Amino acid sequence: MPSLIIDTKGLIVGATSAGVRDLHLSPEELRGRQYPGLDARLNLFQWKGYLEEIKKAGKFTYETDLATGKDLLLPVSVSLSFLDDELVLARFSSKVEPELPEKVLALAGKSLAIGFFSLNLISRNWTLSEGGRNLLGIELPEDGTALDAALQSLADRTTAESWSALKAEVRAALESPQTIRQTIILETGKGTQSLEVNIEVFGNALHATHLVGTLFLPGQQQTEVDDFQEINRFSIEYSRDMIFWTRPDGSISYMNHSAREMLGYPIESLPSVGDVSLGFTDDVLRDFWRQLRQEKYLEGAFELIRKDGSTFPVYATINYLRYGDQEFSCTFSRDITAQVAREKRQKLTEFTLDSSTQSILWVRPDGQVDFVNDTFLAKTGYTSEEILNQDIVKLVPEADETFRQRIWDRLRSENSFKFEVEFRKADGSLIPFLATSNYTIFQGEEYDCLYLTDWTRKKKRDQFIELAQTALDEASDCIVWLRKDFTVRYLNDTALDLVGGDMKQWRGKPVHDLFPDLKDVELRSGETVEFGLAGRDGKSHQLELAFSLLEHEDDTFYVLTGRDVTERYQREQKLSDAYQQIEELSAKLQEENIILKEEMNYNFDINNIVTVSPKYKQVLRQLSQVADADSTVLILGETGTGKELLARAIHRLSDREDQPLIKVNCAALPENLIESELFGHEKGAFTGATARKKGRFELADGGTIFLDEIGEMPLMLQAKLLRVLQEGEFERLGGTETISVNVRLVAATNRDLRKMVAKNRFRADLYYRLNVFPIENLALRERPEDIPVLVKHFLRKFSRRMGKNFTSIRKEDLSQLENYHFPGNVRELENIVERAVVLSQEPVLEIPLERAEVGAEKNQDWKTFDEMQREYIIQALRKTKGRITGNKGAGRLLGLNDRTLMSKMRKFGIEKREFLV
């Protein structure tokens, strides 16, 4: 059987003698040739798909056309199977219409004064019956091996005029298959005589493949034509195409063998047109015949129905025929299932390439760009006309001849590799890509198939990482990262300068090898501690060490930040000695010294947030964690706690710092104007709208919008706000244009939104959309240690404003403020200090409080039983380091069942960060 041996890359490595014979190509011409390309309907991508099909089923069979050495296509059926892991066996058999059987020709030649001949245009094999040789009066070999000699002999014995006319008819029929009827004048041994020649041309969708004809004397024309018609009927019955004869009433008067076999009907039971053609109703049938009578010829793709109900696509040509008063349609149909599948695969391939998130280019060895997908065009701003058939050096400035040669040498040896490269965009700027080069041979030509991944963000990230690494190494503080088991993960250069050695030496060592005097209890407490350390310089250093927790990619690290405070420590020791000598000084001087010392330790945080409270620092830690996340933040807290300061801090710490921060006080806007303020309006949207106005969301595009007192927003606007948060789009009041914005939302309220949701005064879906990252802002009474710091801050602020100078604050006044409940929180404290600055005339500030204020103690804010339970559970979880169950869990410590404890945690909304930080 004709066979080829092909490797998995699609290269032919061998062929059988039968394969060489049928393809009319020598073994040397076949060896090394791409099988995709020899197969006229196959490309390299489809070949990869065929290999996958063989792996699944063991073999893969399909029909196609193979290119022969005579520039003709040979219709074949191909069966593919693996010989081993690297080689594929392709066996094929010809699908060309078979020649008329020799016995039929011989029988017809003996019983009729008629000759028969057939010619296979692919193999050039031909057959001439005995009757044909007698009529032509020539002796020719029967095996048809001397076709050229036979034709020359016949031309020599035929008049030039009739021979030229016959050749012209045959050429026309090869271009457009048709029946040839021609009379030739032939010189025989019996003298000059006329000979009638009839030829039928058969072929595939691309070209003619076969000629079948008859020869007879003119006097025997009628009988011989009848016999010829029998031959034609034989050819039609066993034609590869499905042939139907139908009538206007929808009945089928004839179906050939191919049609009956394909549709599943026996010869004695012919169906109607409606049975075999999908959608052929009576109305469609009438319209079909009206069009066929008018145009005489129709063609197109249709769906046929088998007897079992399954369908398949065909391409049909339909001819109008009329015999007397009878009308027929003669339909030639061919199954195009494989063609439709190939076209679908081709469209899917093209769609996949253009829809890929990666940019794709095909480049020849000479640098010419042959293909580029839509993703690349969108990334770079070019049009396809500006890139296709252009030199790659237009896109890659460094891609000169030397660069290309280096790439192709490596590509031919490795087949695929990755490298980084910069492409020039249409606007002249450069964009970095990670390029994956793939060696591909398509239709005998080499290509570099480049898959490009946009490397812009990665480059920026690498730059930020490099900058961060430099900042860490050059920081004046010692920075040490520990793993969960308290072994060393990283030391910066400052720490290495202090302790000596290098990173390799210290990595994996216990922290106590690094800091021998550091106690576990100090390390876990989260407080700043001081201890002595002998440096590599032989001197004793005093370190101030701060401990914090960092979680990254499901891993936990402890970060120790140490500052060398040796000089400060020595100064403090000297001051301590001096304090003992000046105890006799006045209380005023002592207070001023104490205040001065405290001011040395004041902590000022971002955006004018002043605090020394560990509790409030926890709030700021939450703030710093969410700032870069771009998530929606809901700030909860009482009036006057400084929710707007937190919102501004979130904006300043985020990537949107350079963009606007737009503030909207929902409680301060009238209900009938809040929609216009938020979303804008078009001219004429309502009375007084004399011009278009942009809303706050439009103004905040790219930045942050702060919705203060979100609980006061009317219900009718909450749905529109929810759409902006979810979809990032809205319409102006009175407008139809959809406006898209990229806005980060920070909301604040002093209301209990959960209770409002329960009372249907606030949308539940909006609440859950806002409550992505809630931050509970502490009341001033919950951080009393900040009261002295804030008093001094406000004192400096109002002193500068009013041109006054105060040396200190009465100690008893500070004590009274620390015991005050502060229902108005920081805002009330600010007002109290401002009033005191206005009223005070002495260098020592007096802060007068009303009697009711003095008597109000911060302890009057009694906690509920549930609040006390919640705090106690959190304390127990902190003590057990977050462990809930087991002998060492918080449940055992509290005397509760583990399931009861977990239920209470869900009830009180206790989150992990509350007891692990």
Side-chain angles (χ1 to χ4, degrees), residues 6-13 25 28-48 67 69 71 346 349-350 352-455:
I6 311 164
D7 67 17
T8 53
K9 296 179 181 178
L11 295 176
I12 299 173
V13 299
L25 292 168
E28 292 74 18
E29 290 174 316
L30 284 171
R31 191 176 298 112
R33 183 169 179 170
Q34 278 282 339
Y35 180 67
L38 181 70
D39 184 331
R41 305 183 186 182
L42 182 65
N43 58 42
L44 194 58
F45 290 111
Q46 293 170 320
W47 171 250
K48 297 295 184 182
D71 295 327
Q346 181 69 20
T349 299
E350 293 174 358
T352 301
L353 288 174
D354 283 333
S355 301
S356 172
T357 57
Q358 288 185 304
S359 300
I360 302 174
L361 285 86
W362 284 54
V363 184
R364 294 175 181 269
D366 62 0
Q368 178 178 306
V369 179
D370 257 23
F371 170 80
V372 59
N373 72 340
D374 291 346
T375 304
F376 181 83
L377 297 177
K379 284 276 188 187
T380 58
Y382 290 104
T383 63
S384 57
E385 292 77 11
E386 294 173 323
I387 294 181
L388 293 180
N389 302 319
Q390 298 295 317
D391 197 305
I392 189 69
V393 75
K394 177 179 180 180
L395 302 174
V396 182
E398 61 177 318
D400 56 14
E401 182 65 29
T402 303
F403 177 87
R404 291 202 300 268
Q405 188 61 46
R406 186 170 67 251
I407 290 294
W408 276 96
D409 289 345
R410 184 177 177 186
L411 198 58
R412 291 182 179 115
S413 63
E414 300 180 21
N415 286 325
S416 179
F417 63 91
K418 295 182 179 180
F419 62 98
E420 294 185 16
V421 64
E422 287 186 330
F423 276 69
R424 180 184 288 117
K425 299 170 63 175
D427 61 7
S429 61
L430 297 176
I431 179 172
F433 284 109
L434 175 65
T436 302
S437 273
N438 298 277
Y439 181 73
T440 303
I441 296 180
F442 177 66
Q443 294 184 348
E445 296 189 46
E446 293 179 307
Y447 290 92
D448 180 3
C449 181
L450 288 164
Y451 291 86
L452 306 175
T453 302
D454 190 343
W455 221 232

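Bear in mind that the values here come from a model prediction, so they are computed numbers and not experimental data.
Here CG of Leu377 is found 9.0 Å from CD of Glu385. Values are rounded to the nearest 0.5 Å. Considering OG of Ser359 and CG of Leu450, their distance stands at 10.5 Å, rounded to 0.5 Å. Atom CZ in Arg364 sits 4.0 Å away from atom CG in Asp370 (nearest 0.5 Å). The CG atom of Asn373 sits 4.5 Å away from the CD1 atom of Ile360 when rounded to the nearest 0.5 Å.
Heavy-atom minimum distance, Pro36 versus Gly10: CD-O, 3.6 Å. When all heavy atoms of Tyr451 and Gln358 are compared, the pair lying nearest together is CD2-OE1, 3.7 Å. Scanning all heavy atoms of the two residues, the minimum distance from Ala67 to Leu25 falls at O-CD1, 4.2 Å. Between Tyr382 and Arg424, the closest heavy-atom pair is OH-O, 2.8 Å. Of all heavy-atom pairs between Asp366 and Asp391, the closest is O-OD2, 4.0 Å. Smallest separation of non-hydrogen atoms from Leu452 and Leu361: CD1-CD1, 3.4 Å.
No option in Thr380, Leu395, Leu388 other than Leu388 meets the side-chain contact (heavy atoms from CB on, under 4.5 Å) test with Val372.
Residues meeting the side chain to side chain donor-acceptor pair (under 3.5 Å) test with Ser437, sequence neighbours left out: Asp448. With sequence neighbours left out, the ring pair (Phe, Tyr, Trp, His ring centres under 6.0 Å) criterion links Phe423 to Phe376, Phe433. Take Glu28 and apply the salt bridge (charged side-chain N to carboxylate O under 4.0 Å, His left out) test, not counting sequence neighbours, and it matches no residue.
Residues Trp362 and Thr440 form a side-chain contact, since some pair of their non-hydrogen atoms from C-beta on lies under 4.5 Å apart.
The backbone N or O of Glu386 sits less than 3.5 Å from a side-chain atom of Lys394, completing a donor-acceptor pair.
A donor-acceptor pair shorter than 3.5 Å can be found between the side chains of Ser429 and Asp427.
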